[in-house]
Colleague: 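One structure coming up, written as structure tokens, with questions to follow.
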Amino acid sequence: MNIEPIHSLEDVTALLHTCRLSTDDIPSESPPFFFGIRAGGRLIAAVGLELYGDVGLLRSLAVDDGWRGQRLGSALVAFAETHAFNHGANTLYLFSSTAVPFFRGHGYVVTRRDEAPEAIRKTPQYAGRCSSEAFMCKTLTLLA
Ligand SMILES: CC(C)(COP(=O)(O)OP(=O)(O)OC[C@H]1O[C@@H](n2cnc3c(N)ncnc32)[C@H](O)[C@@H]1OP(=O)(O)O)[C@@H](O)C(=O)NCCC(=O)NCCS
């Protein structure tokens, strides 16, 4: 399966709605970069990445229900991390309510949201997230 840049925000929002993930907090002025996987032309998995210098926000990771458990989510996380690292980011942050164990398995740790760097605090996602959601981060090192 090829991971490719996804330029159609419409395709992304359709997938996110199917996966019950919010689309309200996708920045309108500087939309995040999305990567995804298509099957038969249909977007079946996607992840968003907002890069702000040496930090980034991993967001909107979604795999269509019928395609879960085939490591597509893991492949997209690894791809986004490599992309972020190659573009100067050394730490990625994310919010999650439903997939904390999944992200733990990928090296993310729960952290205090008041320790978020300024650039992350300014994102619509940071402003919009309720306090019950976990805020997680991962330091990126040289990736294979
Ligand atoms: C979370 C999600 C992206 C995982 O995608 P996926 O392609 O099914 O994941 P993978 O096949 O790469 O799973 C790898 C492992 O994570 C586990 N896993 C998957 N989703 C999980 C979850 N929500 N919680 C805990 N573990 C999870 C799998 O059981 C698998 O475990 P294993 O390595 O022991 O076999 C997918 O379940 C999804 O789209 N969920 C709804 C949207 C969501 O919650 N997104 C995250 C918000 S940012």
Side-chain angles (χ1 to χ4, degrees), residues 1-52 54-87 89-117 119-141 143-144:
M1 293 260 177
N2 273 348
I3 297 178
E4 57 184 87
I6 303 296
H7 302 295
S8 164
L9 209 50
E10 211 174 294
D11 285 357
V12 172
T13 53
L15 176 65
L16 295 183
H17 285 146
T18 308
C19 295
R20 296 186 187 82
L21 292 182
S22 166
T23 56
D24 303 345
D25 54 13
I26 295 177
S28 52
E29 283 184 9
S30 166
F33 201 78
F34 283 99
F35 301 103
I37 299 170
R38 292 186 186 276
R42 190 169 71 86
L43 187 65
I44 55 160
V47 65
L49 191 59
E50 296 178 36
L51 291 177
Y52 304 101
D54 60 357
V55 298
L57 188 68
L58 187 85
R59 56 165 304 142
S60 308
L61 177 67
V63 176
D64 183 274
D65 213 14
W67 292 85
R68 289 187 190 164
Q70 298 182 49
R71 314 220 61 90
L72 301 186
S74 299
L76 283 171
V77 169
F79 191 92
E81 288 174 352
T82 303
H83 181 90
F85 186 77
N86 289 340
H87 286 78
N90 55 40
T91 314
L92 283 185
Y93 294 85
L94 63 86
F95 285 94
S96 185
S97 55
T98 50
V100 174
F102 171 84
F103 286 115
R104 261 206 197 102
H106 289 82
Y108 289 79
V109 293
V110 173
T111 188
R112 290 168 47 146
R113 68 177 66 198
D114 59 7
E115 285 178 5
I120 301 297
R121 285 169 193 244
K122 284 183 177 165
T123 61
Q125 197 175 51
Y126 185 91
R129 286 311 174 99
C130 62
S131 54
S132 61
E133 281 189 83
F135 183 53
M136 305 182 83
C137 73
K138 178 176 178 177
T139 302
L140 304 177
T141 50
L143 303 158

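Both ligands and their constituent atoms are indexed starting at 1 by order of listing.
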Colleague: Within ligand 1, which atoms have a heavy atom of Pro101 less than 4.0 Å away?
Modeller: 25 (C)

Colleague: With a cut-off of 4.0 Å, which atoms of ligand 1 are near a heavy atom of Gln70?
Modeller: 11 (O)

Colleague: Could you tell me whether ligand 1 has any atom less than 4.0 Å away from a heavy atom of Ala62?
Modeller: yes

Colleague: Would you mind finding which of Asp64, Leu61, Leu94 brings a heavy atom closest to atom 47 (C) of ligand 1?
Modeller: Leu61

Colleague: Does the protein put a heavy atom less than 4.0 Å from atom 11 (O) of ligand 1?
Modeller: yes

Colleague: Nearest to atom 35 (O) of ligand 1, what protein heavy atom do you find, and at what distance?
Modeller: Arg71 NH1, 3.8 Å

Colleague: Can you check whether Ser60 has an N/O within less than 3.5 Å of an N/O in ligand 1?
Modeller: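 By distance alone, the answer is no.
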
Colleague: His87: what forms a ring pair (Phe, Tyr, Trp, His ring centres under 6.0 Å) with it, not counting sequence neighbours?
Modeller: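 Result, ring pair (Phe, Tyr, Trp, His ring centres under 6.0 Å) vs His87: His83.
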
Colleague: With sequence neighbours excluded, tell me which residues meet ring pair (Phe, Tyr, Trp, His ring centres under 6.0 Å) with His7.
Modeller: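 In terms of ring pair (Phe, Tyr, Trp, His ring centres under 6.0 Å), with neighbours along the sequence ignored, His7 is linked to no residue.
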
Colleague: Output yes when the distance from some N or O of ligand 1 to some N or O of Ala99 is under 3.5 Å, and no in every other case.
Modeller: no

Colleague: Would atom 31 (O) of ligand 1 count as contacted, meaning some protein heavy atom under 4.0 Å?
Modeller: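 No, there is no protein heavy atom closer to it than 4.0 Å.
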
Colleague: Given Cys19, Ser22, Gly73, Ala78, identify the one with the heavy atom nearest to atom 7 (O) of ligand 1.
Modeller: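 Considering heavy atoms of Cys19, Ser22, Gly73, Ala78, the nearest to atom 7 (O) of ligand 1 sits in Gly73.
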
Colleague: Compare Phe102, Trp67, Phe103 and give the one whose heavy atom is closest to atom 15 (C) of ligand 1.
Modeller: Phe102

Colleague: Ignoring angles and geometry beyond distance, decide whether Thr98 reaches within less than 3.5 Å of ligand 1 through its nitrogen or oxygen atoms.
Modeller: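 It does: an N or O of Thr98 is found under 3.5 Å from an N or O of ligand 1.
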
